[in-house]
Amino acid sequence: MSTERILDVSPDADALADRAADWFVAELANRSGPLAVALSGGSTPKRLYERLARDPWRSALDFGRIHWFWGDERVVPADDPRRNTLMVETALLAHVPVSAANIHIIAASPITPEDAAAAYEVELKRFYGSDNLDPERPLFDIMLLGIGSDGHTASLFPGKPSLAIRDRWVVSSEPGLDPFVPRVTLTFPAIASSRAVAFLAAGADKKPILDKVFAGADLPSAHVTAAGPIHWFLDKAASGS
Ligand code: 6PG
């Protein structure tokens with residue numbers, strides 16, 4: 001298990017997205033078999049997704065082998081603009097040669113968040129081929145995450161019961177921040193089953209919470225572990241450098 005942090009600071013949000021796209025392609029290169037990527041919502045990764053849909057990144061990715069998952073989702077109707085799925089479809093998946101079988105969405109309402117979480121856990125276990133996570137065989141090749149102004153990541157919010165859950169891969173979650181809609185989120189053990197994690201954060205409003213995380217504060221984003229290093233793609237404004 002790794003908690004090693006690698007900081008990668010770019011001049012601005014566009015340069016950050018370029019760096020993250022290069023990293024994304026390099027992480028998936030030279031691997032055989034199916035590849036699993038977990039996506040985050042939020043404004044920062046959208047720029048990354050738009051890059052993956054165009055060259056040079058697009059032609060460097062083997063879309064036939066990549067399976068797309070979500071680290072968290074808002075349980076609202078499928079056409080609600082707050083859906084992370086809709087954002088990724090619009091920015092990336094609608095523009096690349098991906099088959100429906102490789103897109104693993106978290107269900108939209110009217111399903112209950114509890115049922116959506118249970119169904120997604122079944123889906124992940126089916127893809128992984130086991131009900132038990134083996135530290136030697138991570139579930140995800142890449143886990144993309146963001147950080148909220150309160151230190152949340154995925155939909156793991158400070159002080160909420162979901163933080164302590166170790167025996168589930170996916171749970172329903174109450175939001176601690178806007179948008180106040182029911183959520184479904186991967187748990188810490190599921191996130192930890194990743195070969196590589198990348199946090200993306202841009203803008204001066206992220207600086208105060210990043211300072212806290214890097215100073216060792218007890219916040220959800222600070223508790224993420226993975227099989228490999230944890231990359232932090234930041235822009236100058238967020239890092240304060
Ligand atoms: C969500 C996200 C969430 C996000 C952070 C940062 O669905 O709410 O997955 O965890 O990554 O809130 O979002 P921004 O990049 O928009 O600040």
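Side chains are part of it too, since the values below use all heavy atoms of this structure and drop only hydrogens, waters and symmetry mates. Start at 1 with the first residue, then count along the sequence. As the structure lists them, so they are numbered: ligands from 1, and atoms in each ligand from 1. Since the structure is predicted, the reported quantities are computational estimates derived from the model, not experimental observations.
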Practice problem: State whether the shortest distance between N or O atoms of G41 and N or O atoms of ligand 1 falls below 3.5 angstrom. | Solution: yes

Exercise. Please indicate whether any nitrogen or oxygen in A154 is less than 3.5 Å from any nitrogen or oxygen in ligand 1.
Key: yes

Residue [X] vicinity, atoms of ligand 1 by number, heavy atom under 4.0 Å:
X: H152; value: 3 (C), 5 (C), 10 (O), 12 (O)
X: R183; value: 1 (C), 7 (O), 8 (O)
X: S43; value: 14 (P), 15 (O), 16 (O)
X: G146; value: 11 (O)
X: T44; value: 15 (O)
X: N84; value: 1 (C), 7 (O)

Which heavy atom of the protein is the closest neighbour of [atom], given with residue, atom name and distance?
atom: atom 13 (O) of ligand 1; value: G42 CA, 3.7 Å
atom: atom 17 (O) of ligand 1; value: K206 NZ, 2.4 Å
atom: atom 2 (C) of ligand 1; value: D72 OD2, 3.5 Å
atom: atom 8 (O) of ligand 1; value: R74 NH2, 2.8 Å
atom: atom 6 (C) of ligand 1; value: I147 O, 3.4 Å

Self-check item: Parallel, tilted or perpendicular: ring planes of F69 versus F127, cut at 30 and 60 degrees
Solution: perpendicular

Quiz item: How are the rings of W68 and F63 set to each other: parallel, tilted or perpendicular (split at 30° and 60°)?
Solution: parallel

Quiz item: Quick one: does D150's side chain have a donor or acceptor within less than 3.5 Å of a partner on F157's backbone?
Solution: no

Is there a continuous path of hydrophobic side-chain contacts, each under 4.5 Å between heavy atoms, that joins [X] to [Y]?
X: V98; Y: F140; value: yes
X: I105; Y: L124; value: yes
X: Y128; Y: V171; value: no

Exercise. Output yes when D141 and R31 qualify as a salt bridge under the 4.0 Å nitrogen-oxygen rule, no when they do not.
Key: yes

Quiz item: Is the distance between the ring centroids of F214 and W232 less than 6.0 Å?
Solution: yes

Exercise. Determine, step by step, whether R83 and E73 satisfy the salt bridge (charged side-chain N to carboxylate O under 4.0 Å, His left out) criterion, reporting the C-alpha distance in whole Å, the side-chain angles of both residues, the deciding distance to 0.1 Å, and the verdict.
Key: CA-CA 6 Å; R83 286 279 290 175; E73 185 54 283; 3.8 Å; yes

